[in-house]
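Supplied in structure tokens, the structure appears directly below.
Here is the naming used below: chain letters follow the sequence lines, and residue numbers restart at 1 for every chain.
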Protein chains: 2
Amino acid sequence: MDKDDESDRQSGGIQSLDAALKLLSAMGGYLRPMSLSELARDCGMPPSKVHRYLTSFLNAGLVVQAGKSGKYDLGEGAIALGLAALARHDFVNRASDALPELCLESGLTVLLSVWGTHGATVVRWERAATPTVTSMGLGTILPLLNSATGRAFLTWAPPAPLQAIREAELRAARKASSTVNSQLRTEQDIERMTETFRMRGFSSVEGRFIPGLVAIAAPILDWQGRAQCVITLIGTDPAVTEPGSDAVRKLIGFCEKLSFSPIITG
Amino acid sequence: MDKDDESDRQSGGIQSLDAALKLLSAMGGYLRPMSLSELARDCGMPPSKVHRYLTSFLNAGLVVQAGKSGKYDLGEGAIALGLAALARHDFVNRASDALPELCLESGLTVLLSVWGTHGATVVRWERAATPTVTSMGLGTILPLLNSATGRAFLTWAPPAPLQAIREAELRAARKASSTVNSQLRTEQDIERMTETFRMRGFSSVEGRFIPGLVAIAAPILDWQGRAQCVITLIGTDPAVTEPGSDAVRKLIGFCEKLSFSPIITG
DNA sequence: CAACTAGTTTCATATTGTGGAAAAATGAGA
DNA sequence: TCTCATTTTTCCACAATATGAAACTAGTTG
């Protein structure tokens, strides 16, 4: 039949659907109601075809016929669809809805953090049944280098916004060798650490930020693999930080489920 | 052939398109990526059919395949379509044009939200010069009871579409008394609150949804007095929520100008 | 390793969408 | 009010196209 299929011929789809969607997106392109013949002309389809498609869109509520002029325009259904799609990108909300569940399953205190202007910021948290003494609350800002949460951002977030704080903390770490100091002194140290985290799929810290407590953290990634937010589990048992531990598996499972790209790229 | 066509047989449309759109709107109903078989089950279609439809949606960009899990979700195309459809709404359109101005004048971060399938959805926002820590972006869904934005819908939007979420949040609020709890437990509490808001002409919240931040919100009303969208100002100074404050006056003035019926019916 | 389960591809078939043309509907001018 | 011109909608015979079952892969679990 067609010697050489014209343009896009992606395999597998449905021709009439493809055409219909082309029409639909064409309608998205204008910002006023369009008459049938205008649409037909612009899409290079016979009017009868366009009319049949429009009827289906009409039934589905994606398109409405404006006024009695009979012109066609995008309708409520299209708005609803778009808002639903927008909501998918709302990682924080989807994650916080599921937070209590993770808390119950793991039996640990759970934090949900995002990257704010001043660093990793706790925006949601769920306290475990066995209350662990923490001074943590909503709005707490966690250190970048010495908290599991911060380290997760360090590993999976785009570096640019972190730069300032990263440098500041590194400088502070070098000077104050008196403190319970991290082994993190140089850029190389950091590189090595994040590489490990990236492989394992989670970051961790042991009693550094809060003595006596351990924490593990994993990112929720958008479709470009950037951390949108970070989930942290806090406990007392050092075994928690072991790769393959129950808590680790639950944490990564949780984050993987909410992420749009795989956390462990093996 | 068919003596009397079973159920919906709206005239004129295209069967495969109707089925495809049914699938599409089903996808809008969930707020997480769905697997092929889940979709097939829920729509009562054979998997192969669903797969073919999805391929077309994929080619059109309406749907993306999330991560390596292979699950399907609404994509950029759906967002574009929805925003295009939103632009038809005069209210949204006129409001978003004026948004930067309000942001400048008030010096606060400004949100423009509409009511979507899953709740109050941010569709436009303007960041203040003094950056405030927020986890907010396009598509963020705000809680109904514990955000200024949500409360504005609660006060000025028709109650029917809100009902489901209202009940869900109320139930959650009663259970989780452990959390930083709202004083909102009963229908009466809500009634009292909305009455106050209605008198003042704006809703407010202090550090509930986002600790350390305060917010005020007012509706843009159509000619029937229903909220078409909601404008929210976010700041850090608690004085902002005071009736008669500079921010409040600017907010209400802004909304009043764009509304088709008076906000304060005194 | 075998027995599942989930996702994708293939294929023969007739169901379904197609485009042209006819029929309504709409609108403008006289 | 009547006619002409344009746009929208309906009709129809034909074959192109979507269909569902089953085959084929890939990944998982006991």
Original post:
dT9(D) P sits how many Å from Asn59(A) CG, rounded?
Top reply: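 Distance, rounded to whole Å: 13 Å.
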Original post:
Rounded to whole angstroms, how far apart are CG on Asp18(B) and P on dT19(D)?
Top reply: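 These atoms are roughly 11 Å apart.
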**OP:** Would you kindly give the NZ-to-C1' distance between Lys49(A) and dT9(D), to the nearest whole Å?
**Re:** 17 Å
Original post:
Given dT18(C), is OP1 or OP2 found less than 4.0 Å from the side-chain N or O atoms of Ser48(A)?
Top reply: no
Original post:
Quick check: does any side chain N or O of Asp237(A) sit under 3.5 Å from a backbone N or O of Val240(A), one acting as donor and the other as acceptor?
Top reply: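 No, because the side chain of Asp237(A) does not come within donor-acceptor range (under 3.5 Å) of the backbone of Val240(A).
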**OP:** Rounded off to whole Å, could you give me the CG-to-C1' distance for the Leu54(A) and dT7(D) pair?
**Re:**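 The answer, rounded to whole Å, is 14 Å.
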Original post:
Between dT8(C) and Gln65(B), is there an OP1 or OP2 to side-chain N/O distance shorter than 4.0 Å?
Top reply: yes
Original post:
Is the centre of the Tyr72(A) ring less than 6.0 Å from the centre of the Phe57(A) ring?
Top reply: no
Original post:
Given that Ala19(B) and Pro47(A) both sit by DNA chain D, which one's nearest nucleotide is further toward the 5' end?
Top reply: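 It is Pro47(A), whose closest nucleotide lies nearer the 5' terminus.
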**OP:** Compare side-chain N and O positions of Ser16(B) against OP1 and OP2 of dT17(D) and report whether any pair is under 4.0 Å apart.
**Re:**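 Result: no.
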Original post:
Relative to Phe197(A), does Arg200(A) satisfy both conditions: NZ or CZ under 6.0 angstrom from the six-membered ring centre, and within 45 degrees of the ring's axis?
Top reply: no
Original post:
How close or far is atom P of dG17(C) from atom CD of Gln15(A), stated in whole angstroms?
Top reply: 13 Å
Subject >> Separation of atom CG in Leu36(A) from atom P in dT8(D), rounded to whole Å >> reply: 5 Å
Original post:
Within the pair Tyr72(B) and dA6(C), is there a side-chain N or O less than 4.0 Å away from OP1 or OP2?
Top reply: no
**OP:** Check whether any side-chain N or O of Arg151(A) sits under 3.5 Å from a backbone N or O of Leu145(A) as a donor-acceptor pair, and report yes or no.
**Re:**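 At least one qualifying donor-acceptor pair exists.
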Original post:
Side-chain N or O of His51(B) less than 4.0 angstrom from OP1 or OP2 on dT8(C)?
Top reply: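 Checking dT8(C) against His51(B), a side-chain N or O does come within under 4.0 Å of OP1 or OP2.
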Subject >> Atom pair distance, as rounded to whole Å: CE in Met45(A) and P in dT8(D) >> reply: 16 Å
Original post:
How close or far is atom C1' of dA16(D) from atom CD1 of Ile14(B), stated in whole angstroms?
Top reply: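 Going from CD1 in Ile14(B) over to C1' in dA16(D) covers 14 Å.
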Subject >> Comparing Ser37(A) and Leu17(A) on DNA chain D - which has the more 5′ nearest nucleotide >> reply: Ser37(A)
Original post:
For the side chain of Pro46(A), counting heavy atoms from C-beta on, which of dG20(D), dG19(C), dT18(C) is nearest?
Top reply: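 Of the candidates, dG19(C) comes closest.
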**OP:** Check whether any side-chain nitrogen or oxygen of Tyr53(B) sits under 4.0 Å from OP1 or OP2 of dT8(C), and answer yes or no.
**Re:**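 Checking Tyr53(B) against dT8(C): no side-chain N or O falls below 4.0 Å of OP1 or OP2.
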**OP:** Verify the contact: side-chain N or O of Arg52(A) to OP1 or OP2 of dG17(C), cut-off strictly under 4.0 Å; return yes or no.
**Re:** no
**OP:** Could you go through the side chain to side chain contact (heavy atoms under 4.5 Å, CB included) check for Leu54(A) and Leu23(A) one step at a time?
**Re:** CA-CA 9 Å; Leu54(A) 286 174; Leu23(A) 172 64; 4.2 Å; yes
